[in-house]
Chemist: 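Below: one structure in C-alpha cells.
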Amino acid sequence: MKKISKKDELDLYYSILRIRRIEEKIAKEYVNWKIRCPVHLSIGQEAIGAPLKKLFKSCKDEVVSGHRAHSHYLGKGGDLKKFICELYGKKNGSSGGKAGSMHLTDKKSGFILSSAIVGNSIPIGVGLAYSKRIKKEKGIVLIFFGDAAVETGVFFESLNFAILKKLPVIFICENNFYSVYSNMKYRQPQNRKISEMVKGIGIKTLKSNGNDPIKVFNTYCKAKDYVEELKKPIFLEFETFRHYEHCGFLKDDHLNYRKKSEINYWLKNDCLKKLQTKVNKKKLIFFEKKINKEIETAFSFAKKSKFPRNSESRKKLYA
Ligand SMILES: Cc1ncc(C[n+]2csc(CCOP(=O)(O)OP(=O)(O)O)c2C)c(N)n1
Ligand SMILES: [Mg+2]
C-alpha cells in the first residue's frame, strides 16, 4: 500500500487549500448575482475530494458525483477556467454554460459527470464500470454521493449489480449527517450505521473520519489496493461536515437545525486546520499567493467570456 510521504502531505494540503479558496471566492462573488446557478459548496468536506488526482491519476480512473461536486471535480484535476465559466453560464464553461454547478464534466481529467438528482449518478457510475469490464479497459470508477442517497432505491440496485458483477467501483458516501435541514435521526432508523448496513448486502466497507486528510488518503489507498487485487467493489463512508448552508453562499447556523456543540466540534476538527501544522509559514504564504493568482485569472477570464448564442441554447441537451 502506498504510504503517505512528506511531499504527499504538502500536495494534499495544497489541494485542500486550493479547493477552499476557490469556493470562498465563489461565495464572495455570488452576492453580485452574476453567477445564477445554485451552488452547493463543499467547504468543510474538501479532504475527501483533495487527494483524487494524486491517487487516481489516470483519466481511466473515472469520477461521477452528485449535486455537491466541486471538490471532486477540482480534486480530480478538472479545468478551473471551464468550471468558473460554467458557473457564470459562459460558453467556455465545461458544459457550454448551460448546465451550471450541479452538472460538471471534464473527461480529460476523468471527471465524467455530476447530477442534481439525488442517487441518480450512482447507476451511471456502475454502468461506466460495467463497460470497462466488458471492454477489458483499465481503471476504477469512483462514485460520490451524500448520506441521503443511501435512502434511494437505486442505491441498493446499483450496489447489488456492482457486487454481483464484481465491478471496479469505489462507492464513497460523504456522510455530513444532514439532508438539507434534516438530521439522519429523522430519516433513518436509530442506531443504524451506514457502513454496517451496507456491509450486510455483501460488500467490503471502510469507515473513516472524512475531516482527517491523512486518514482519508490512507483509506483511499486501501480501497484502491482492494479493488485492483481482489477485482471487487468497495464502499467507503467518510464522516464530515459542511460549513455553509445546504445550497448557497451563506452560513445558516442561526436556523439552529444543527446544535452549536456539533458545529463547534467540526469547526475545531476542520480538515485544513488538521494539516496546517505540517506546513511551514513560508510555504503557506507561497501557496496562498499561487492559488490566489490562479483564482483571479480564472474569474477574470470567466467574467470576460461570452454567453452562448441563442442558437446554441437547444443543442446538446439531454433529458
Ligand atoms: C431524487 C431527489 N430528491 C430530492 C432532491 C432535493 N435535494 C437536493 S440535495 C438534497 C439533500 C441531499 O443530501 P445528501 O445526499 O446527504 O447530500 P448533502 O447535500 O448533504 O451533501 C435533496 C433532498 C433531489 N435533488 N433529488
Ligand atoms: Mg448529507
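Because the structure is predicted, anything quoted here is derived from the model rather than measured. We count ligands from 1, going down the list as the structure has it; atoms in each ligand are counted the same way.
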Chemist: Between the side chains of Glu237 and Lys193, is the shortest nitrogen-to-carboxylate-oxygen separation below 4.0 Å, so that they form an ion pair?
Modeler: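 The answer is no: the pair does not qualify as a salt bridge.
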Chemist: Just wondering, do Arg258 and Asp253 contact through their side chains at under 4.5 Å, heavy atoms?
Modeler: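 Of all side-chain heavy-atom pairs linking Arg258 with Asp253, at least one is under 4.5 Å.
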Chemist: I'd like the residue list for ligand 1, meaning every protein residue with a non-hydrogen atom under 4.0 Å from the ligand.
Modeler: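 Lining ligand 1 at under 4.0 Å, by heavy atoms, one finds His67, Arg68, Ala116, Ile117, Val118, Gly146, Asp147, Ala148, Ala149, Asn176, Tyr178, Ser179, Val180, His246.
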Chemist: State plainly whether the residues Lys6 and Glu9 are in salt-bridge range, i.e. N to O under 4.0 Å.
Modeler: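 Salt bridge present between Lys6 and Glu9.
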Chemist: Distance check below 2.8 Å: does Glu174 bring an N, O or S atom to the Mg ion (ligand 2)?
Modeler: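 No N, O or S atom of Glu174 is closer than 2.8 Å to the Mg ion (ligand 2), so no.
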Chemist: Hey, is NZ on Lys232 packed in by over 12 heavy atoms from elsewhere, all under 6.0 Å?
Modeler: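 Atom NZ in Lys232 is not packed in, count stays at 12 or less.
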Chemist: Is Lys91 salt-bridged to Glu312, cutoff N-O under 4.0 Å?
Modeler: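 So Lys91 does not pair with Glu312 through a salt bridge.
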Chemist: Would one find more than 12 heavy atoms of other residues, nucleotides or ligands at under 6.0 Å from atom NZ of Lys25?
Modeler: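 More than 12 heavy atoms, drawn from other residues, nucleotides or ligands, come within 6.0 Å of this atom.
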Chemist: So, taking the atom named CG in Leu167 and the one named CD1 in Ile134, what distance separates them when rounded to the nearest 0.5 Å?
Modeler: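 So the gap between those two atoms works out to 9.0 Å.
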Chemist: What N/O/S atom of Asp147 is the closest to the Mg ion (ligand 2)?
Modeler: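 Output for this pair reads OD1.
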Chemist: Within 2.8 Å of the Mg ion (ligand 2), is there any N, O or S atom belonging to Asn176?
Modeler: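 Asn176 does place an N, O or S atom closer than 2.8 Å to the Mg ion (ligand 2).
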Chemist: Examine Ile19 and Leu284 and state if one hydrophobic cluster contains both, with Ile, Leu, Val, Met, Phe, Trp and Tyr joined whenever side-chain heavy atoms are less than 4.5 Å apart.
Modeler: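 Shared cluster, yes.
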Chemist: Hey, is the Mg ion (ligand 2) within less than 2.8 Å of some N/O/S atom on Tyr178?
Modeler: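 So Tyr178 does bind the Mg ion (ligand 2) by this criterion.
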